[in-house]
Protein chains: 2
Amino acid sequence: MTSTADTAPARRVPRPRADALRNRERIVTTAREMFVEFGSQVPYDEIARRAGVGNATLYRNFPERADLVHEVVLSLMARVTELAERAAEEEDDTFAALRRFSHGAADERVGALCPMLDGAFDKDHPDLIAERERLEEAVQGLVDRAQRAGRLRTDVGVGDLMVALSQLTRPLPGSGCGAFDQFVHRHLQLFLDGLETPARSELPGKAATLEDLRRDSCAPPTS
Amino acid sequence: MTSTADTAPARRVPRPRADALRNRERIVTTAREMFVEFGSQVPYDEIARRAGVGNATLYRNFPERADLVHEVVLSLMARVTELAERAAEEEDDTFAALRRFSHGAADERVGALCPMLDGAFDKDHPDLIAERERLEEAVQGLVDRAQRAGRLRTDVGVGDLMVALSQLTRPLPGSGCGAFDQFVHRHLQLFLDGLETPARSELPGKAATLEDLRRDSCAPPTS
DNA sequence: GTTAAACGGGGACACCGTCCCCGGTTATTT
DNA sequence: AAATAACCGGGGACGGTGTCCCCGTTTAAC
């Protein structure tokens with residue numbers, strides 16, 4: 001299937017084995033789920049077990065935990081960005097686009113992005129900056145459109161949406177069961193209802209941009 | 001052992017030392033904060049350090065971790081219950097009462113109740129059941145009143161409110177900083193706006209009672 | 001069929017949280 | 001104010017757990 005135009009260089013065969021690729025994919029997927037559920041400090045061996053691979057495979061693919069976190073965050077951001085872009089493209093109603101994006105992001109467990117905030121990996125990696133800019137642009141576009149159309153209250157920002165989205169979609173710790181998944185979309189829907197115009201109350205504080213999040217989230221906890 | 005009945009009129013020393021009581025109080029308060037921030041598995045020594053007491057004092061007061069969790073949950077539930085009762089009593093506007101309670105509960109970090117769900121302590125303790133009934137009654141009263149007054153949409157239940165409240169007020173893992181505190185009340189306010197009548201959208205699923213929560217949240221994750 | 005990369009499990013090492021012991025301190029009693 | 005006993009707090013040993021490597025086996029690729 002992968003008919004990549006590799007005119008074999010004289011050096012070595014650049015083809016990784018098929019099962020190796022499959023395992024790597026399984027690991028990233030599993031890690032994303034477990035990061036959301038238990039945080040990015042979840043034991044390596046647990047990830048390996050749930051992914052159905054040996055722990056050595058995990059260590060071979062991601063010698064540093066930061067590598068794995070990086071990969072997970074990157075893949076998730078890409079998926080969420082695509083969600084935002086497609087929602088903007090395919091929905092005429094600006095607020096419906098926002099709803100669609102939000103529910104989609106919830107399904108993707110966008111809460112997994114919170115390891116971005118605990119300094120356990122390189123926030124300034126080029127890949128990450130690039131992907132982040134795409135994401136910001138896409139979501140900011142959704143917000144702007146809805147606000148310009150007078151459907152979304154103007155006292156909220158992208159940061160508000162993303163943080164609330166993360167919070168509402170996080171599973172309760174310990175309970176591995178999906179019992180709360182049924183609530184996630186209910187509560188998200190209620191939150192979105194609150195975002196719609198006309199505004200029903202005055203909000204404390206000020207609208208949060210993604211810039212605000214990055215800046216404020218780096219305070220050392222104890223020092 | 002100590003002389004029992006002949007010298008002292010009271011058989012037991014009726015007075016624990018003043019600083020002992022003070023320390024115990026400090027411990028519970030600190031533990032509540034740290035449970036919210038890091039979960040109920042936070043190291044004992046850390047709690048002691050932040051509370052400004054020696055670790056031995058902590059172990060002397062709460063030999064089992066379950067004892068400490070029990071105490072924290074109980075005190076938190078009591079405070080939240082009181083919030084609900086006072087809100088119902090002092091606010092004429094039914095929806096304003098709901099708002100006041102919700103923001104108060106957010107300040108109390110009601111998200112700390114989620115350790116209730118990881119089986120790390122006795123859910124069936126008499127004290128706990130009693131306090132839980134008081135809490136349910138109080139909050140249910142707020143909800144009923146607002147719904148009967150036509151201010152609160154009727155497709156939501158107490159469970160929806162409590163779960164969303166917990167989710168929105170949970171601090172992000174790792175980031176010990178309170179940078180997100182400023183967002184909590186904003187997002188809660190937005191959520192509450194979504195709860196008000198008239199309903200702006202149709203919710204998926206069905207209204208959640210507290211009964212639903214208790215039943216669904218006890219599935220063993222992996223064992 | 002041959003080759004070598006990839007796999008998976010077992011186990012040693014190191015780190016961290018738990019828990020106890022004991023000298024010093026502080027509140028209470030006369 | 002001095003005596004007394006309970007309480008406090010830090011240091012350190014023990015045990016558990018996560019990390020990481022080694023090696024025999026499997027499996028995809030040629």
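Throughout, a chain's letter reflects where its sequence line sits, starting with A, and its residues are numbered from 1.
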**Report entry** Donor-acceptor under 3.5 Å (Arg32(A) side chain, Val72(A) main chain)
**Finding:** no
Using whole Å, what does the distance between atom [atom2] of nucleotide [N] and atom [atom1] of [X] come to?
| X | N | atom1 | atom2 | answer |
| --- | --- | --- | --- | --- |
| Leu58(A) | dG18(D) | CG | C1' | 13 Å |
| Glu46(A) | dT19(D) | CD | C1' | 13 Å |
| Asp45(A) | dG16(D) | CG | P | 18 Å |
| Tyr44(A) | dG8(C) | OH | P | 16 Å |
| Ile47(B) | dG17(C) | CD1 | C1' | 12 Å |
| Leu68(A) | dC20(D) | CG | P | 12 Å |
| Gln41(B) | dT18(C) | CD | C1' | 13 Å |
| Arg49(A) | dG10(C) | CZ | P | 13 Å |

Query raised in the report: Given dG8(C), dG9(D), dA6(C), which nucleotide is nearest the side-chain atoms of Asn23(B)?
Result: dG9(D)
Requested in this report: Check whether any side-chain N or O of Thr57(B) sits under 4.0 Å from OP1 or OP2 of dG9(D), and answer yes or no.
Outcome: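 Yes, because at least one side-chain N or O of Thr57(B) sits under 4.0 Å from OP1 or OP2 of dG9(D).
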Query - Under 4.0 angstrom between Arg65(B) side-chain N/O and dG17(C) OP1 or OP2 - result: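 For Arg65(B), the contact criterion (side-chain N or O under 4.0 Å from OP1 or OP2 of dG17(C)) is not met.
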Report summary line: Applying side-chain contact (heavy atoms from CB on, under 4.5 Å) to Ser201(B) and not counting sequence neighbours gives Arg99(A), Gln189(A), Asp193(A), Arg153(B), Leu203(B)
Query raised in the report: Should we say atom CD of Glu82(A) is surrounded by more than 12 heavy atoms from elsewhere, each under 6.0 Å from it?
Result: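 Open.
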Query raised in the report: Above 12 or not: heavy atoms from other molecules or residues under 6.0 Å from CD of Glu90(A)?
Result: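 Result for CD/Glu90(A): enclosed.
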Report task. Over 60° means perpendicular and under 30° means parallel, so classify the ring planes of Tyr44(A) and Tyr59(A), tilted if in between. Result ->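 Taking Tyr44(A) first and then Tyr59(A), their aromatic rings sit tilted (interplane angle of 30° to 60°).
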Query raised in the report: Which atom names give the shortest non-hydrogen contact between Asp160(A) and Ala208(A), and what distance separates them?
Result: OD2-N, 3.2 Å
Report task. Return the minimal non-hydrogen interatomic distance between Glu71(B) and Val28(B), and the atom names on each side. Result -> CG-CG2, 3.8 Å
Query raised in the report: Hey, what bend do you get for the helix from dG1(C)-dC30(D) to dT30(C)-dA1(D) if you fit axes on five pairs at each end, rounded to 10°?
Result: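 If I round to tens, the end axes sit 40° apart.
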**Report entry** Salt-bridge contact Arg22(B)-Glu25(B) (side-chain N to carboxylate O under 4.0 Å)
**Finding:** no
Requested in this report: Do nucleotides 21-27 of chain D as a string where each nucleotide becomes B, S or -: B if the base has a protein heavy atom under 4.0 Å, S if just the sugar-phosphate does, - if no protein is that close.
Outcome: BB----B
Report task. Apply side-chain contact (heavy atoms from CB on, under 4.5 Å) to Leu195(B) and Leu190(A), showing your working. Result -> CA-CA 6 Å; Leu195(B) 288 181; Leu190(A) 289 166; 3.7 Å; yes
